[in-house]
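Data block below; observations after.
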Amino acid sequence: MINARVADIFRAIAELLEIRGGNPFRIRAYGRAADRIAAMQEDVGPYAAQGRLEELEGIGKDLAAKIEEIIATGSCRHYEDLKKIIPRGVVDMLAVPGIGPKTAKLFYDELDIRSVAALRRAARRGRLAGLPGVRQKTVENVLKGIELVEKGRQRMDIETARQVAGAVVGELKNLKSVKDIEPAGSLRRGRETVRDIDILAASFKPAQVMEAFVALPFVKRVSAHGATKSSVLTKDDIQVDLRVLAPSAFGAALLYFTGSKDHNIKLRQLAIRKKLRINEYGVFDKKERCLASRSEAEIYARLGMDFIPPELREDKGEIEAARRHRLPRLVTLKDIRGDFHAHTNYSDGRNTPEEMATAARRLGYDYLCLTDHSVSLRVARGLDKERLKKKRAHIDKLNGRLKGLRLLFATEAEIDADGRMDYPVDILRTFDVVVAAVHSGFKQSRAHLTRRIVRACRNPDVHIIAHPTGRQWPARPSYEVDFDEIFKAAAATNTALEINGHPMRMDLGDIPARAAKEAGVRLAIGTDAHDAAHLDYMRFGVGLARRAWLEKKDLLNTLSLEKLLKVIKK
DNA sequence: GCCGTTTTCGGCCCGACTGTTTTCAGTCG
């Protein structure tokens with residue numbers, strides 16, 4: 001996709017300009033444009049063809065011309081010229097924590113270091129010490145940083161992040177000096193994956209909290225330890241940042257520490273236009289009087305806008321919507337009446353239908369789809385005709401006993417290499433709900449995969465398409481599909497697309513899910529539970545749905561059983 | 001390089017921590 005190419009080049013230009021020491025605002029313009037284009041659901045191609053590139057935020061005359069040049073030639077002059085001046089390896093050094101553009105340039109200019117490997121050799125041989133501003137400590141940090149970057153500190157799934165954050169909060173919340181403590185950052189925003197854990201605490205005695213934090217049993221290394229802010233690396237190489245502020249500033253600090261960065265910048269710019277200043281301590285006027293600080297709601301109100309839920313804080317139109325009082329009424333966990341994707345021990349799940357039912361009742365559900373795998377997925381003990389009969393009888397019997405919860409006889413059926421279902425029509429029609437999924441042929445072309453899924457949508461017996469892009473964290477990336485085609489087919493055939501809330505999947509992602517809604521497609525959250533405890537992953541599915549601006553009416557999960565059974569018939 | 005309910009020029013978010021300094025630049029989020 002051309003967007004990725006454009007974004008990569010703009011990001012590279014930003015890095016190269018940083019090292020050269022260009023105008024920081026110009027550098028940021030490239031960086032912002034890169035982020036903006038990477039996050040777009042639509043292709044920039046048509047915008048260029050219609051001369052509408054400058055309508056995009058952050059794209060002016062100059063960048064529009066560069067985008068056109070990249071579309072036409074695959075690259076742009078400016079980028080090619082910069083690459084000749086600064087070797088690739090110098091840019092790679094920026095990935096080392098602690099090394100920024102100035103330091104990378106220093107090493108390159110003074111010692112002609114052109115790669116991370118060369119940097120390590122130079123550090124070990126003692127060639128770095130003695131450079132301006134470099135002494136022993138800096139050399140040590142460079143070596144530690146390289147070690148870290150080579151271990152590949154990658155993003156973690158949201159469940160892992162929640163557990164790590166929970167462990168830290170659990171240890172610190174019992175301290176007398178901690179008045180309040182809450183995870184912030186991308187975890188609070190419900191992002192699909194998380195890089196660092198950010199935690200915010202309110203206390204009158206920040207030093208005590210800092211001491212307790214860096215002394216936690218699972219801390220391997222302390223990378224920063226100040227009066228109100230510390231960073232540590234856990235034994236699993238996960239970075240955790242803790243910031244401590246006075247309770248009176250908790251709202252302002254939570255807002256700041258939750259981000260996103262782009263959201264914060266936009267808010268602060270807005271404040272400047274109102275002759276105000278925002279920082280983590282509050283909203284201040286020109287005379288340094290604090291106008292709001294205790295709660296996030298108070299701060300948004302002071303800026304003349306509605307409260308923005310954390311999941312929306314990505315600078316994707318939420319600030320404008322909040323000012324016009326047009327934010328969506330986001331779906332909540334309480335609105336959810338059932339789960340569309342759960343496995344039992346009939347196929348590859350760990351628990352019996354009874355155990356799954358008990359867990360679903362605990363969550364207060366009206367219904368639960370037991371979507372065991374279909375016949376052709378042998379590795380997952382997919383069900384043949386005989387075992388389907390047994391399962392059907394089993395579920396009917398259970399439903400006779402259960403009060404308040406209905407187990408739906410369902411399947412996660414295979415979409416074959418040509419887009420057909422692996423069960424024949426007479427079997428498909430026996431299910432209450434048919435969830436169709438691609439589990440094979442990931443390497444087919446984008447066009448072929450799109451055709452398969454479109455064909456599944458058009459199948460009158462298919463109700464939901466599971467995990468539409470097939471990604472699995474961390475090993476398997478999404479396969480490429482033409483979302484426009486799939487959304488068109490899904491909307492036209494009343495087929496729902498799944499938001500798979502399993503932390504290893506989180507698929508559809510927030511951006512395509514929002515685009516699906518805008519294309520008139522209904523969505524259905526499924527947890528893909530293979531264990532009764534996994535039904536709790538609904539929280540992640542709902543978080544994702546909220547990030548996609550979804551309201552109650554956009555999801556099948558919010559329908560009563562009666563309505564659901566009516567709506568789902570095609 | 002972008003952008004305008006003060007502006008087509010002159011701004012551009014804001015502060016903590018580190019390591020090296022002795023008042024601050026660089027990095028990070």
Side-chain angles (χ1 to χ4, degrees), chain A residues 10 13-14 17-19 21-34 36 53-67 78 93-107 128-142 144-145 148 184-186 189 194-200 206 210 214 222-232 239-245 249 252-253 255-284 303-304 315 319 323:
Chain A
F10 282 0
I13 290 176
L17 288 175
E18 264 194 308
I19 294 168
N23 173 353
F25 301 105
R26 187 168 161 237
I27 294 166
R28 189 192 299 162
Y30 276 101
R32 278 180 62 85
R36 185 65 59 175
L53 284 170
E54 288 182 56
E55 289 174 18
L56 300 172
E57 200 183 325
I59 307 294
K61 207 170 167 188
D62 188 278
L63 290 183
K66 289 196 171 71
I67 294 172
H78 185 45
M93 284 192 256
L94 297 182
V96 178
I99 296 186
K102 296 289 188 291
T103 314
K105 184 173 193 309
L106 176 75
F107 294 155
L128 300 185
L131 289 174
V134 179
R135 293 178 67 174
Q136 195 47 39
K137 193 78 187 185
T138 303
V139 178
E140 279 171 29
N141 284 342
V142 165
K144 279 182 191 167
L148 222 58
S186 51
R189 299 201 309 280
V194 171
R195 201 173 59 119
D196 314 317
I197 312 280
D198 298 313
I199 296 173
L200 179 71
M210 288 288 106
V214 299
V222 179
S223 40
H225 184 182
T228 69
K229 187 180 159 186
S230 293
S231 293
V232 303
Q239 185 175 322
V240 184
D241 298 342
L242 178 71
R243 180 77 193 267
V244 184
L245 284 102
L255 184 66
Y256 154 74
F257 222 32
T258 297
S260 67
K261 192 172 122 197
D262 288 341
H263 179 86
N264 285 347
I265 289 174
K266 195 70 139 310
L267 278 188
R268 289 167 183 205
Q269 284 171 341
L270 189 71
I272 289 169
R273 288 214 292 278
K274 292 178 183 284
K275 302 212 182 286
L276 301 172
R277 182 169 59 95
I278 304 180
N279 57 28
E280 59 265 53
Y281 302 102
V283 181
F284 299 87
L303 294 171
D315 188 20
I319 291 175
R323 294 182 73 189

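Lettering of chains follows the sequences in order, A, B, ..., and the numbering in each one begins at 1.
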### Query
When the distance from CG of Asp262(A) to P of dC2(B) is rounded to whole Å, what number comes out?
17 Å
### Euclidean distance for C1', dT7(B) against dG11(B) (whole angstrom)
9 Å
### Message
Under 4.0 Å from OP1 or OP2 of dC17(B): is there any side-chain N or O of Thr228(A) that close?
### Response
yes
### Query
Which sits closer to the 5' end of DNA chain B, Arg28(A) or Leu56(A), going by the nucleotide each is nearest to?
Leu56(A)
### Message
What verdict does the side-chain contact (heavy atoms from CB on, under 4.5 Å) test give for Leu63(A) and Phe10(A), after you've listed the backbone C-alpha separation in whole Å, the side-chain angles of each residue and the deciding distance to 0.1 Å?
### Response
CA-CA 9 Å; Leu63(A) 290 183; Phe10(A) 282 0; 4.0 Å; yes
### Query
Side chain of Arg189(A), backbone of Thr258(A): donor and acceptor closer than 3.5 Å?
yes
### Query
Roughly how many Å is it from CD in Glu54(A) to C1' in dG1(B), rounded to a whole number?
12 Å
Polar atom pairs between nucleotides 5-11 of chain B and protein, under 3.5 Å, N or O only, would you list them?
{"unit_1": "dT6(B)", "atom_1": "O4", "unit_2": "Lys275(A)", "atom_2": "NZ", "d": "2.8"}

#### Entry: Nucleotide nearest Lys137(A) when distance is taken to its side chain, options dT20(B), dG26(B), dC12(B)
dT20(B)
### Query
Of the nucleotides dC14(B), dG1(B), dG15(B), which has the atom closest to the Asp62(A) side chain?
dG1(B)
### Task
Say whether, by atom type as modelled, one donor and one acceptor occur between the side chain of Ser230(A) and the main chain of Leu242(A) under 3.5 angstrom.
no
### Message
Just the rounded figure in Å: distance from P of dA16(B) to CG of Leu245(A).
### Response
9 Å
### Task
Would you kindly give the OH-to-P distance between Tyr256(A) and dG15(B), to the nearest whole Å?
10 Å
### Message
If you count heavy atoms of other groups shown closer than 6.0 angstrom to NZ of Lys274(A), is the number above 12?
### Response
yes
### Task
Could you tell me the separation between the NE2 atom of His263(A) and the P atom of dG29(B), rounded to a whole number of Å?
20 Å
### Message
Over all strands shown, is Ala271(A) touching base, sugar-phosphate only, or nothing at heavy-atom distances under 4.0 angstrom?
### Response
nothing
### Message
So Arg243(A), base contact, sugar-phosphate only, or nothing? Heavy-atom distance under 4.0 Å.
### Response
sugar-phosphate
### Task
Provide the distance between the two P atoms, one in dT21(B) and one in dT27(B), to the nearest whole Å.
16 Å
### Query
Do Arg135(A) and Glu140(A) sit within salt-bridge range, that is, some charged N less than 4.0 Å from a carboxylate O?
no
### Query
If you look at every strand shown and take non-hydrogen atoms under 4.0 Å, does Phe257(A) touch a base, only sugar-phosphate, or nothing?
nothing
### Query
Between Asn141(A) and dG19(B), is there a side-chain N or O to OP1/OP2 distance below 4.0 Å?
yes
### Message
Between dT20(B) and dA16(B), how far apart are the two P atoms, rounded to whole Å?
### Response
22 Å
### Query
Within the structure, does a side-chain N or O atom of Asn279(A) lie under 4.0 Å from either OP1 or OP2 of dG15(B)?
yes
### Task
Kindly say if Arg277(A) contacts the phosphate of dG15(B), meaning a side-chain N or O under 4.0 Å from OP1 or OP2.
yes
### Message
Students often get this wrong, so: under 4.0 angstrom with heavy atoms, is Ser230(A) touching a base, only sugar-phosphate, or nothing?
### Response
nothing
### Residue Thr138(A), side-chain atoms from C-beta onward, closest of dG26(B), dG29(B), dG19(B)
dG19(B)
### Task
Take atom CD1 of Ile27(A) and atom P of dT27(B), then tell me their distance rounded to the nearest Å.
12 Å
### Summary
Distance col, row Arg268(A):CZ vs Arg277(A):CZ, nearest 0.5 angstrom, shows 9.5 Å
### Message
With a 4.0 Å cutoff (strictly under), does any side-chain N or O of Arg26(A) reach OP1 or OP2 of dG1(B)?
### Response
yes
### Task
Using a cut-off of strictly less than 4.0 Å, decide whether Lys66(A) has a side-chain nitrogen or oxygen near OP1 or OP2 of dG1(B).
yes
### Query
Taking atom P in both dT23(B) and dC17(B), what distance in whole Å separates the two?
22 Å
### Query
How far does the C1' atom of dC12(B) sit from the matching atom of dT6(B), given to the nearest Å?
16 Å
### Query
Among the nucleotides dG15(B), dT18(B), dT21(B), which one has an atom lying closest to any side-chain atom of Tyr281(A)?
dG15(B)
### Rounded P spacing from dT22(B) to dC13(B) in Å
31 Å
### Query
dG4(B) pairs with which nucleotide, Watson-Crick or G-U wobble, both distances below 3.5 Å?
dC9(B)
### Message
Mind checking if Ile99(A) touches a base, just sugar-phosphate, or nothing, with heavy atoms under 4.0 Å?
### Response
sugar-phosphate
### Query
Nearest-Å distance, NZ (Lys261(A)) to P (dC12(B))?
17 Å
### Task
Before accepting this row, confirm whether a basic side-chain N of the pair Asp262(A)/Lys266(A) lies closer than 4.0 Å to the acidic partner's carboxylate O.
no
### Query
Would a 4.5 Å heavy-atom cut-off, applied to side chains only, mark Arg32(A) and Ile27(A) as touching?
no
#### Entry: DNA chain B: 5'-proximal contact among Met210(A) and Lys102(A) (nearest heavy atom)
Met210(A)
### Task
Using a strict cut-off of less than 4.0 Å between a Lys/Arg side-chain nitrogen and an Asp/Glu carboxylate oxygen, indicate whether Glu18(A) and Lys102(A) qualify as a salt bridge.
no
### Query
Just how far, in rounded Å, is C1' of dA16(B) from NE2 of His225(A)?
13 Å
### Task
Using a heavy-atom cut-off of under 4.0 Å over every strand shown, decide if Ser231(A) touches base, sugar-phosphate, or nothing.
nothing
### Query
Reckon Pro132(A) touches a base, only the sugar-phosphate, or nothing at all at heavy-atom distances under 4.0 Å?
nothing
### Query
Which of these nucleotides, dA16(B), dG1(B), dT27(B), is closest to any side-chain atom of Pro101(A)?
dT27(B)
### Query
Using a cut-off of 4.0 Å on non-hydrogen atoms, how would the nucleic acid contact of Lys61(A) be classed: base, sugar-phosphate, or nothing?
sugar-phosphate
### Query
Quantified in whole Å, what is the P atom distance between nucleotide dG4(B) and nucleotide dT8(B)?
13 Å
### Query
Looking at dG1(B), dT27(B), dG29(B), which one has an atom nearest to any side-chain atom of Asp198(A)?
dG29(B)
### Task
Identify whether the distance between the nearest side-chain nitrogen and carboxylate oxygen of Asp62(A) and Arg26(A) falls below 4.0 Å.
no
### Task
Mark yes or no for whether Asn264(A), through its side chain, and Tyr256(A), through its backbone, hold a donor-acceptor pair below 3.5 Å.
yes
